[in-house]
Amino acid sequence: MNRIFSGIQPTGNLHLGNYLGAIRNWVKLQKDYECVFCIVDLHAITLPQDPAELRKSTREVTAAYIACGIDPDACTIFNQSTVSAHTELAWTLGCLTPLGWLNRMTQFKDKAGKHRENAGLGLYAYPVLMAADILAYKATHVPVGEDQKQHLELARDIAGAFNARYGVEYFPLPEPQIFGTATRVMSLRDGTKKMSKSEESDQSRINLTDTPDMIAQKIKRAKTDPHNLPDSVEGLKDRPEADNLLGIYAALSDRALDDVVAEFAGKQFSEFKGKLSDLAVATLSPITAEMNRLMADPGAIDAVLRRGAERAGGMAKRHLAEIYDIVGFLRP
Ligand code: TRP
């Protein structure tokens, strides 16, 4: 059986990039795979988080999964800290991971910035925890955004290192699933930067909780360039804002980019933005409404997470016992 594992950090606002680049694809995958979808709260605290906000965000991401169409009966939805096997396995895997591999991780270099000496061990070890997330379920496929590709390759290397060290074929090497159009949704203020939860300006992103008016406003104010829209995909070269907005339109309408470019060839941004705004509102407002409905009943969200934690915990615990036997931990 092919099994999928993926996760999103409960930090800040979920936005259009999370929806188009991740959750929407998961919805399509749940029919063909056994799916485990996690809210990775242990990863979230690699950077400082306010405890109350972390709790709220954890429920919000859960609500978003469900509102976007992930079926909590068919899939396992849980928050990472409720299954202790993740951190336990991370230790065993960490003992197999050379520092040289971790030193290559570009995300650590970006996040730690100039003050590397002050960065936490957790931030540095984060990719090992991510490998443990995946391998605790012996997942075969991992849908991730382009920015997580390097971490996933590391997870494959770690799985291979475990199999080699103990002379077993225990872990399958997890395959990345990276999706096409709009895997990378860029900032509305700067088409060269990724749309991000942590970007200071809220104008840079469309949040899943934004009202139709806010969405329309943000698209109206989105950065453009002085030219009309091009008549071919090649014409988007060196026009990151046009590329991003047309890419968002293509993803939202589930159409190919060249098809969308042909439709708006030679048009002004203002006309196109009107259409984009209508499409974004039509797609997102049912999701927002459902998220608000779910968030009004935190008890029901917690019940979904409890059930998920039981299922995930059962599977991970079984695997961890097998792993501990392989490693040689005596279980008296
Ligand atoms: N590191 C991922 C991110 O920041 C989240 C994540 C944690 C994840 N564990 C994972 C994704 C396991 C896929 C599989 O986006």
Side-chain angles (χ1 to χ4, degrees), residues 2-26 29-30 33-47 49 54 57-58 61-62 64-65 70 75-83 85-90 93-94 97 102 105-112 120 122-159 171-179 183-185 194-199 308 312 315-316 319:
N2 286 327
R3 185 177 294 136
I4 278 180
F5 184 97
S6 199
I8 292 181
Q9 296 192 39
T11 50
N13 290 326
L14 280 174
H15 53 69
L16 188 62
N18 299 120
Y19 174 64
L20 292 177
I23 308 177
R24 188 179 67 145
N25 303 313
W26 302 357
L29 293 167
Q30 65 184 335
Y33 295 84
E34 178 187 348
C35 289
V36 183
F37 294 127
C38 192
I39 297 99
V40 289
D41 48 9
L42 297 169
H43 277 94
I45 65 159
T46 54
L47 294 175
Q49 303 298 332
L54 179 60
S57 256
T58 301
V61 177
T62 311
Y65 285 0
I70 290 172
C75 305
T76 300
I77 300 175
F78 73 108
N79 56 315
Q80 192 183 21
S81 62
T82 56
V83 175
H86 292 245
T87 44
E88 292 169 274
L89 182 56
L93 299 180
T97 308
L102 291 176
M105 297 295 116
T106 56
Q107 194 177 76
F108 174 75
K109 291 181 205 169
D110 291 346
K111 287 197 180 179
L123 192 63
Y124 187 64
Y126 165 125
V128 178
L129 179 61
M130 180 162 159
D133 296 340
I134 298 164
L135 299 177
Y137 301 91
K138 301 176 80 170
T140 54
H141 293 80
V142 184
V144 281
E146 196 60 43
D147 64 317
Q148 294 297 317
K149 220 173 131 184
Q150 194 185 32
H151 290 161
L152 201 59
E153 276 156 17
L154 183 81
R156 286 170 64 88
D157 289 343
I158 293 175
F171 289 125
L173 303 188
E175 291 286 339
Q177 292 173 307
I178 305 213
F179 289 87
T183 353
R184 263 171 97 73
V185 177
K194 214 180 122 172
M195 188 177 281
S196 157
K197 301 175 194 170
S198 48
E199 166 64 43
M315 194 188 329
H319 290 154

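Counting convention: from 1, in listed order, for ligands and their atoms alike. Throughout, residue positions are numbered sequentially from 1 according to the sequence presented. This one's a predicted model, so the numbers in the text were calculated from it and none came from an experiment.
In terms of polar-atom proximity, Gln9 is counted as a contact of ligand 1, with an N or O under 3.5 Å from an N or O of the ligand.
Under 4.0 angstrom from ligand 1, the non-hydrogen atoms of Val144 all belong to its side chain. Contacts between Ile8 and ligand 1 below 4.0 angstrom, taking non-hydrogen atoms only, are absent altogether.
Gln49 places a side-chain N or O within 3.5 Å of a backbone atom of Ala44 that can act as its donor or acceptor partner. At distances below 3.5 Å, not a single donor-acceptor pair connects side-chain atoms of Thr140 with backbone N or O atoms of Asn2. Checked by atom type and distance alone, the side chain of His43 pairs as donor or acceptor with a backbone atom of Tyr126 at under 3.5 Å. Judged by distance alone, the side chain of Lys197 and the main-chain N or O of Gln9 form a donor-acceptor pair under 3.5 Å.
For the pair Pro172 and Leu135, the tightest heavy-atom approach, listed with the atom from each and the gap, is O-CD2, 4.2 Å.
Remark: aromatic rings of Tyr137 and His319 are distant, center separation not under 6.0 Å.
The shell of residues lying under 4.0 angstrom from ligand 1, judged by heavy atoms, excludes His151.
For atom 9 (N) of ligand 1, the nearest protein heavy atom (residue, atom name, distance) is Asp133 OD2, 2.6 Å. Of all protein heavy atoms, the one lying nearest to atom 5 (C) of ligand 1 is Gly7 O, 3.6 Å.
When each atom of ligand 1 is checked for a heavy atom of Tyr126 under 4.0 Å away, the hits are 1 (N), 2 (C), 3 (C), 4 (O). Of all atoms in ligand 1, numbered sequentially from 1 with element shown, those under 4.0 Å from a heavy atom of Val142 are 13 (C), 14 (C).
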